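Presented below is the structure to which this report refers.
Quick note: numbers below take in every heavy atom, side chains included, and nothing from hydrogens, waters or symmetry partners. Not measured: the values here are computed from a predicted model.
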Amino acid sequence: MLQNLETLAADAKSWPFEQARNLLAHVLKKRLSETDRAEARALIDAGKADEALARFEALRKPVVLETGYGPSGLPHMGTFGEVARTTMVRNAFRALTGDHWPTRLIAFSDDMDGLRKVPEGVPNPEMLREDLHLSLTRVRDPFGTHDSFGAHNNARLRAFLDSFGFDYEFMSSTETYRSGRFDETLLTLLARFDAIQAIMLPTLGEERRATYSPFLPISPTTGHVLQVPTLERDVAAGTITFDDPAAGRTTVPVTGGHVKLQWKPDWAMRWTALDVDYEMSGKDLIESVRESSKVCRALGGTPPEGFNYELFLDVEGKKISKSKGNGLMMEQWLRYGTPESLSWYMFQSPKSAKSLHFNVIPRAIDDYLAAIEAYKTQEPAKRIDNAVWSIHAGDPPTHTSPVSFSLLLNLVGVANASDKAQLWAYFAKYLPEATPENEPLLDQLMERALNYYEDFVKPTKAYRLPDDKEKVALLDLAERLKALPADTTDGELIQGEVYAVGKAHAFEPLRAWFGALYEVLLGASQGPRFGSFAAIYGLPQTIQLIEAGAYGELAK
């Protein structure tokens, strides 16, 4: 079974497996000679990754994947997207190597950065203003729950990642610098200071070049993270000298957390010190990746494999900006959609720009549900490229919701429902055995449908009057449904009558007939499968709805 999975992974077309194969090639090249690499690759391609690890000791060290987080603000959609997508690559890598190869996913918090400005929407802004330029782990917590603002946001990050079940190792910049784990690489950077400057200075403006140093010393007097020139370097002593605005000429070691690095050298230093093998980043950081990779090589490290994903756009096609607030926050998505639907959305075409707005949520939910249903009957080669394989690490659920989210939205509107109990009452005949306990996803979707309808659908509903042809067809449909047993719950039988009416009244194309049903009866341009909707709503109620629409009562 494992060999079969490895073979499938080797041929899979979806982007996580493309990235996993790139990562495998990167690790083999990084750790083995050309001859050993060829032998190891042959074993892995033959489904014998365990033999490759036994044969080559260099391969037994874990493959390290990293994601970064700037804790000056709370975790957001980009944080989720980066961890979710990196996890998908990790899952694909495990499948490719038969899960023999150890892997680590580090969620790194850059909490030693100085607080440069007061974030919007945070309590006690005056207190934060007093703490500007301190490391985030020295800035007082405006929420009053932790030792520092950085600690507060780190706790939020970990709770956030834990709530989605991510498997990761949290790492704090402050703790890692202070622990000495970065010391060896920091001393290397000190010794190769001129080489690092030769890489960084050409990327800066003239004024910035005059004062730039990769080292940001922490003032022993104020605790501020200082952006000041390095005046002297003592490689043997491992120190730098600079002018501290609060204390004059000062010398500190570059080890033990007395300095932090500028962010691009810092990124490169982490890659080197932590031996990172994979890290993805946004398209806006392409140049930064290039520069940090040069610094990484200058430090004697190997830049990680990775790729640049496209950024999200708002509903008008503009770049999302946290300061403008034109994006979609995590808690907003989760008010209207499930975590799995968000993972589905993150999986789709990461190198293409996509709108991240409320209007994408219903489609994402239903596409995810449809993918689960498709997975059940797909052959293995198709299954592994189905997004739900990557979302659920090869073990997607066998049961989801018996109805679509779009159907629930329309049921909420037509039934004028305000709570889940009213919706469950409609399912009493259609799914008599269903309960919130044995259909938990349906219960969750009901709650989200109520929220979404109230906030977005209800304010925009616009019923229209039917034209003469549509009115005749609607009344014909009502009569045909009256001929069925009143307790009919067979959605296919009802759908057959709907089709028959559309054809009998010569709607060309036939979708024009369904468009009329949605616009006249539901006040929307699109809608669910009408037969299923009628079966749940109830045949007598559906007939009343059709007649009300035919006579223009809904449009009033």
Side-chain angles (χ1 to χ4, degrees), residues 64 66 68-72 106-116 131-141 146-151 153-154 169-197 200 211-276 292 295-296 298-301:
V64 179
E66 183 185 57
Y69 167 61
S72 58
I106 296 174
F108 193 92
S109 173
D110 202 6
D111 57 18
M112 201 170 170
D113 260 352
L115 180 67
R116 295 189 177 91
D131 288 355
L132 285 175
H133 309 299
L134 291 174
S135 295
L136 290 163
T137 44
R138 292 189 177 187
V139 174
R140 289 168 292 174
D141 180 15
H146 291 77
D147 293 338
S148 68
F149 189 37
N153 288 338
N154 284 340
E169 300 172 37
F170 175 78
M171 197 171 286
S172 157
S173 176
T174 301
E175 293 175 2
T176 313
Y177 267 95
R178 290 177 180 172
S179 71
R181 185 163 185 177
F182 289 157
D183 284 359
E184 181 179 349
T185 313
L186 289 166
L187 289 170
T188 300
L189 194 150
L190 179 64
R192 301 177 185 179
F193 184 92
D194 291 335
I196 306 304
Q197 289 288 77
M200 295 305 304
T211 60
Y212 181 85
S213 169
F215 292 108
L216 300 173
I218 312 299
S219 169
T221 303
T222 63
H224 288 179
V225 182
L226 302 175
Q227 295 209 37
V228 293
T230 295
L231 303 178
E232 298 175 16
R233 292 174 283 122
D234 188 330
V235 175
T239 62
I240 61 170
T241 300
F242 58 95
D243 277 336
D244 185 337
R249 191 63 55 95
T250 303
T251 299
V252 297
V254 299
T255 53
H258 292 90
V259 305
K260 187 193 180 299
L261 295 182
Q262 298 271 8
W263 86 270
K264 292 175 188 176
D266 184 80
W267 207 8
M269 183 273 297
R270 290 206 315 261
W271 290 344
T272 305
L274 301 178
D275 200 17
V276 175
S292 295
V295 174
C296 180
L299 294 174

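In the displayed structure, Glu184 atom CD is contacted under 6.0 Å by at most 12 heavy atoms of other residues, nucleotides or ligands. Residue Asp147 places its CG atom among 12 or fewer non-hydrogen atoms of other residues, nucleotides or ligands, all under 6.0 Å distant.
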task: Given side chain to side chain contact (heavy atoms under 4.5 Å, CB included), test Ile218 with Met112 step by step and report yes or no.
output: CA-CA 10 Å; Ile218 312 299; Met112 201 170 170; 4.2 Å; yes

- request: Just do the side chain to side chain contact (heavy atoms under 4.5 Å, CB included) check on Trp267 and Val295 with the steps written out, would you?
  value: CA-CA 9 Å; Trp267 207 8; Val295 174; over 6 Å; no

- request: Run the numbers on Arg181 and Met171 for side chain to side chain contact (heavy atoms under 4.5 Å, CB included), then give the verdict.
  value: CA-CA 11 Å; Arg181 185 163 185 177; Met171 197 171 286; 3.6 Å; yes

query: Does the pair His133 and Thr222 meet the rule for a side chain to side chain contact (heavy atoms under 4.5 Å, CB included), with working shown?
result: CA-CA 9 Å; His133 309 299; Thr222 63; over 6 Å; no

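Annotation for Leu261 and Tyr177: closest pair N-OH, 3.2 Å, computed over non-hydrogen atoms. Looking at every heavy atom in both residues, Ala298 comes nearest to Arg192 through O-NH1, 2.8 Å. The minimum heavy-atom distance linking Leu190 with Thr239 is given by the pair CD2-N, 3.8 Å. Nearest heavy-atom pair across Thr272 and Cys296 is OG1-SG, 3.4 Å. The minimum heavy-atom distance linking Leu189 with Pro214 is given by the pair CD2-CG, 3.9 Å. The minimum heavy-atom distance linking Leu186 with Val254 is given by the pair CD1-O, 3.3 Å.
Atom CZ in Arg140 sits 4.0 Å away from atom CG in Asp131 (nearest 0.5 Å). Leu231 CG to Ile240 CD1: the interatomic distance, rounded to the nearest 0.5 Å, is 9.0 Å. Residue Phe149 holds its CZ atom at 7.0 Å from CG of Leu136, rounded to the nearest 0.5 Å. Atoms NZ and CE, from Lys264 and Met200 in turn, are 5.0 Å apart once rounded to the nearest 0.5 Å. Phe215 contributes atom CZ, which lies 13.5 Å from atom NE2 of His258 (distance to the nearest 0.5 angstrom). Atom CG of Leu216 sits about 9.5 Å away from atom OG of Ser135, to the nearest 0.5 Å.
In this structure, a donor-acceptor pair under 3.5 Å is absent between the side chains of Thr137 and Asp111. Side-chain contact of Thr251 with Thr241: a donor-acceptor pair under 3.5 Å is present, judged by distance alone.
Counting heavy atoms from C-beta on, the side chains of Asp244 and Pro220 come closer than 4.5 Å. Residues Val259 and Pro217 meet the side-chain proximity criterion, which asks for heavy atoms closer than 4.5 Å. At a threshold of 4.5 Å between non-hydrogen side-chain atoms, the residues Phe242 and Pro229 do not count as touching.
Applying the salt bridge (Lys or Arg N to Asp or Glu O under 4.0 Å) criterion to Lys260, with sequence neighbours excluded, gives Asp110, Asp113, Asp266.
Using modelled atom types, no side-chain atom of Thr185 and backbone atom of Asp183 make a donor-acceptor pair closer than 3.5 Å. Distance alone, capped at 3.5 Å, is enough to place a donor-acceptor pair between the Gln197 side chain and the Tyr212 backbone.
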